[in-house]
Enquirer: 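Starting off with a structure, shown below.
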Amino acid sequence: QEQVVESGGGLVQAGGSLRLSCTASGSGLSSGDYSMGWFRQAPGKEREGISCINSSGATTYYADSVKGRFSIARVKSNNTLYLQMNGLQSEDTAMYYCVARVGCAAFYVYPGPNTRWGQGTQVTVSS
């Protein structure tokens, strides 16, 4: 059974940092030959794709809202994805979702019918 599990969320003061982690498992995800990424959704707002990375790591995407503050990385050998979040602001408060097998290009990230979603991890930034 394919599974995506995030961790690392929590409460942090404005200006602080957090690192989210995500592990993908299951027979269909064991190869690591797919793109991974992060979405977030704040209460009352639409879901936002904020970052992705392709299977080789050569292509990454960042939404304007996080560019220069967040950094995505992956360790393909163990299907682990990271999101280093620095300079956190109150506007970053949201549920963060890791995705596997997602469309990823230099200018966008988009989920498809075969995308696997994690259960989400809450990030709360206090001002």
Side-chain angles (χ1 to χ4, degrees):
Q1 181 178 355
E2 297 180 345
Q3 194 173 17
V4 175
V5 180
E6 310 96 333
S7 62
L11 174 65
V12 64
Q13 288 188 335
S17 299
L18 280 176
R19 188 177 80 156
L20 305 183
S21 301
C22 168
T23 301
S25 62
S27 59
L29 297 176
S30 61
S31 71
D33 291 329
Y34 48 83
S35 298
M36 299 183 74
W38 294 93
F39 284 75
R40 69 183 182 184
Q41 188 165 23
K45 294 188 176 181
E46 292 188 357
R47 184 180 64 193
E48 176 187 20
I50 58 172
S51 187
C52 67
I53 185 168
N54 71 348
S55 60
S56 69
T59 298
T60 58
Y61 161 79
Y62 296 97
D64 287 342
S65 57
V66 305
K67 196 173 295 181
R69 300 186 298 122
F70 291 10
S71 178
I72 194 170
R74 70 183 291 177
V75 178
K76 188 177 176 180
S77 60
N78 60 10
N79 296 326
T80 301
L81 180 72
Y82 301 97
L83 185 69
Q84 179 65 42
M85 305 185 295
N86 299 326
L88 284 163
Q89 306 164 0
S90 57
E91 307 89 86
D92 296 315
T93 294
M95 186 71 79
Y96 284 70
Y97 298 93
C98 176
V99 291
R101 204 186 291 127
V102 68
C104 179
F107 300 104
Y108 51 82
V109 54
Y110 59 94
N114 295 319
T115 296
R116 289 295 181 187
W117 294 77
Q119 81 287 353
T121 186
Q122 178 68 37
V123 173
T124 302
V125 183
S126 63
S127 56

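The figures here come from the full heavy-atom set of this structure, side chains too, leaving out hydrogens, waters and symmetry mates. Keep in mind the model is a prediction, meaning the values are calculated, not measured. Heads up: numbering here begins at 1 and tracks the sequence.
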Enquirer: Could you go through residues 27-39 and list every donor-acceptor pair under 3.5 Å that involves a side-chain atom there, pairing it with any protein atom two or more places apart or in another chain?
Expert:
unit_1	atom_1	unit_2	atom_2	d
Ser30	OG	Ser27	O	3.1
Ser31	OG	Asp33	N	3.1
Asp33	OD1	Lys76	NZ	2.6
Tyr34	OH	Leu29	O	2.7

Enquirer: Would you say Leu20 ends up clustered with Val102 if hydrophobic residues are merged whenever their side chains have heavy atoms under 4.5 Å apart, either directly or through other cluster members?
Expert: no

Enquirer: Does Arg74 reach the side chain of Cys22, with side-chain heavy atoms less than 4.5 Å apart?
Expert: no

Enquirer: Are Tyr61 and Tyr110 co-members of a hydrophobic cluster defined by side-chain heavy atoms under 4.5 Å apart?
Expert: no

Enquirer: Under 3.5 Å, is there a donor-acceptor pair between the side chain of Gln41 and the main chain of Ala94?
Expert: no

Enquirer: Count I, L, V, M, F, W, Y as connected when their side-chain heavy atoms are under 4.5 Å apart, and connections chain through other members. Are Leu81 and Met95 then in the same cluster?
Expert: no

Enquirer: Judged by atom type as modelled, is there a donor-acceptor pair below 3.5 Å linking the side chain of Tyr62 to the main-chain atoms of Ile72?
Expert: yes

Enquirer: For Glu91, what residues pass the salt bridge (Lys or Arg N to Asp or Glu O under 4.0 Å) criterion, not counting sequence neighbours?
Expert: none

Enquirer: Using a 4.5 Å cut-off between side-chain heavy atoms of Ile, Leu, Val, Met, Phe, Trp and Tyr, which other residues end up in the same hydrophobic cluster as Val75?
Expert: Tyr82

Enquirer: Is it true that Ile53 and Val66 fall in one hydrophobic cluster, defined by side-chain heavy atoms closer than 4.5 Å?
Expert: yes

Enquirer: Are any of the side-chain heavy atoms of Val123 and Met85 separated by less than 4.5 Å?
Expert: yes

Enquirer: For Val125, does its backbone N or O pair with a side-chain atom of Thr93 as donor and acceptor, under 3.5 Å?
Expert: yes

Enquirer: Determine whether a donor-acceptor pair (N or O, by modelled atom type, separation under 3.5 Å) exists between the side chain of Arg116 and the backbone of Val4.
Expert: no

